[in-house]
Amino acid sequence: MTMPFFRIEMMPAERGDALLVEYGENTTRRLMIDGGPIEAFPAIEKRLSLLPLGDQSVELLVVTHVDTDHIEGIIRLLAPPVQRWPIRVEQIWFNGWRHIEEVRVLGGREGEFMSALIHRRLDDCWNTLFDRNAVRCGAVPDDSVTLEGGMKFTMLSPDAPALAALAKDWRAKLKDGSWKMEPGDLDAAWEHLVEESKFHPGSELTLGPEDLTAQLLKQLKGIDSSAANGSSIAFVAEYAGKSCAFLGDAHMDVVCASLKRLGCTKTKPLKLDAVKVAHHGSKHNLTQEFLRLVDAKNWLFSSNGKRFDHPNPESVEAVIEGSIRPPTLWFNYRTPFTERWEAGSKAAGARYKTRYPAKGKEGIVVKL
Ligand SMILES: [Zn+2]
C-alpha cells in the first residue's frame, strides 16, 4: 500500500505549456495538458519515451485551446500511426468546430488539423464526459466530472460567450492565405495536414501514393490570441485531497465568474494546493480579483521567456505581494525573467520561495 500521490511536471515546452500530471495510489494514472509548440517537440517526445514500457496510458489528454504554443506538439504527437505514439490516449478533450456549432464557435488552421486528427485517430474518446459536446462551463451538472481513476474536474473556462467569440476568428483564419475550406470540413483539413510535413517528418500521413507533397507551406500563424486564449479549457483538478487550478491561457473574467458561481468570495476563497498561472504569467491574465478568490501555496509558471518576456514581472510580483498565503513560485526554466526573483526569495524575512530546474536541466516537477 502506498500513499496517494499527485505530481505535476511542467515539461520543457519552450514558450508554451506541456504538463504531465501523474497521480494514483498503487498504480500511476496520467493527465497530459497541451503539447507545446513544434520546436519543443523533441524534448517532449524524449520525456514521454521514458514512460515505463507497457504503462504509457494517459487517462485524459487535454488540448486547452488552438494557439500554436499549446497545440502544435499534440498535432505532431498524434500525426504518426497510433501504434507509434509514445502514449496511449484513453480520452481527449478538445473543442473543435463540430462541438461548438452548438454555440457557434472556434478557430483556425491548427484547430482544423487537430479536429481532423482526432476524428481519424480518437473519435470514440473525444469529449465523451461532455456527451461529445463542447468541454465548457454550464455543460454538466455542478460543472464537474470525475475520471475513473478518481481525478475530479471542476470547470472554470471557457463559458459559452468565450467560445462564441472564437467562431468569427476561426472562420476568418481559414479564409486567409492559401487555405480555402469550410470550418469543420475534416477531410479537407486532413488533406492540408498531409502537406504540412513538419508534423510528420516520416511521411506517415500519406493518403495514397501521390498525395504527399514535401513542400512546406508557410509557417503556421497563431490565431488572434485574445479570442483563442479566452476559449481555453481551464479547471480545478482534485485528487486525494490535493488540488490544482490549471488555467491554460484563460481570461480572468471568465475564471473569476466561475469561481464566484462556485461560491468563492474574498472571505471564502477556494483553497488550492497549486495554480498553474494562466498564459505563462502574462500581465494580461492575472488580476487582483483572482488573487483574492483563491488561497494557494504553489504558483506554477511555464515559459522560457522567448516570447512576450513571460512571465512578466508584474504578474510575479502580484503573486508575491497579493497572494493570500506566502507563495512558492515554480519555474520550468532558468531565464532572466525567472532568475530575477531568486535573490529576493533568499533575503531575510522573504514572503516567498522560488524553485528552479536542477542545474543544466529544463522542466520541473511539483509534488503536491
Ligand atoms: Zn500559451
Side-chain angles (χ1 to χ4, degrees), residues 8-21 31-41 43-44 61-77 93-96 106-111 113-114 135 156-158 162-163 165-166 169-170 173 219-235 244-255 274-287 290 299-316 319 330-333 335 337-338 362-364:
I8 302 159
E9 181 169 349
M10 287 195 283
M11 295 188 279
E14 308 240 341
R15 63 194 160 86
D17 277 1
L19 310 169
L20 184 65
V21 178
L31 316 174
M32 183 169 165
I33 303 169
D34 293 330
I38 193 84
E39 61 267 26
F41 185 71
I44 303 304
L61 174 62
V62 181
V63 185
T64 60
H65 66 295
V66 296
D67 276 345
T68 55
D69 58 317
H70 299 253
I71 200 173
E72 280 188 340
I74 301 291
I75 296 174
R76 177 63 187 84
L77 183 74
W93 287 0
F94 172 69
N95 288 330
L106 266 206
R109 261 158 71 108
E110 293 77 19
F113 281 173
M114 192 73 250
V135 173
L156 299 177
S157 169
L163 274 182
L166 194 52
D169 223 77
W170 182 293
K173 290 291 167 189
Q219 271 300 96
L220 296 181
K221 286 190 201 117
I223 69 165
D224 176 298
S225 58
S226 130
N229 288 345
S231 76
S232 280
I233 294 173
F235 45 75
C244 177
F246 292 94
L247 299 180
D249 286 358
H251 289 172
M252 282 302 106
D253 56 340
V254 174
V255 170
V275 173
K276 199 296 290 181
V277 177
H279 199 197
H280 322 287
S282 163
K283 62 186 172 189
H284 303 301
N285 298 68
L286 191 67
T287 58
F290 177 74
W299 295 76
L300 284 51
F301 294 87
S302 172
S303 180
N304 68 354
K306 288 267 168 68
R307 200 172 283 188
F308 309 125
D309 301 348
H310 291 154
N312 295 146
E314 293 88 342
S315 321
V316 180
V319 172
W330 297 80
F331 302 107
N332 63 342
Y333 284 89
T335 70
F337 309 107
T338 62
E362 296 172 339
I364 198 164

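Counting convention: from 1, in listed order, for ligands and their atoms alike. When reading the values below, keep in mind they use all heavy atoms of this one structure, side chains included, and skip hydrogens, waters and symmetry mates.
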A.B. asks: Given the side-chain rings of His70 and His280, with only the six-membered ring counted for Trp, is the space between their centroids under 6.0 Å?
C.D. replies: yes

A.B. asks: Is the distance between the Zn ion (ligand 1) and the nearest N/O/S atom of Asp67 smaller than 2.8 Å?
C.D. replies: no

A.B. asks: Within this structure, what is the CG-CD distance for the pair Asp69 and Glu39, rounded to the nearest 0.5 Å?
C.D. replies: 9.0 Å

A.B. asks: Restricting to N, O or S atoms of Asp249, which is nearest to the Zn ion (ligand 1)?
C.D. replies: OD2

A.B. asks: Output yes if His279 passes the N/O/S-under-2.8 Å test against the Zn ion (ligand 1); output no otherwise.
C.D. replies: no

A.B. asks: Within the stated cut-off of 2.8 Å, is an N/O/S atom of His65 closer than that to the Zn ion (ligand 1)?
C.D. replies: no

A.B. asks: Under 30°, 30 to 60°, or over 60°: which ring-plane class applies to Trp299 and Phe290, parallel, tilted or perpendicular?
C.D. replies: perpendicular

A.B. asks: Do His279 and His251 make the cut of ring centroids closer than 6.0 angstrom?
C.D. replies: no

A.B. asks: Are Asp17 and Lys276 close enough for a salt bridge, meaning some N to O gap below 4.0 Å?
C.D. replies: yes

A.B. asks: If I take the Zn ion (ligand 1) as the centre, what angle separates the OD2 atom of Asp69 from the NE2 atom of His70? Nearest 10 degrees is fine.
C.D. replies: 100°

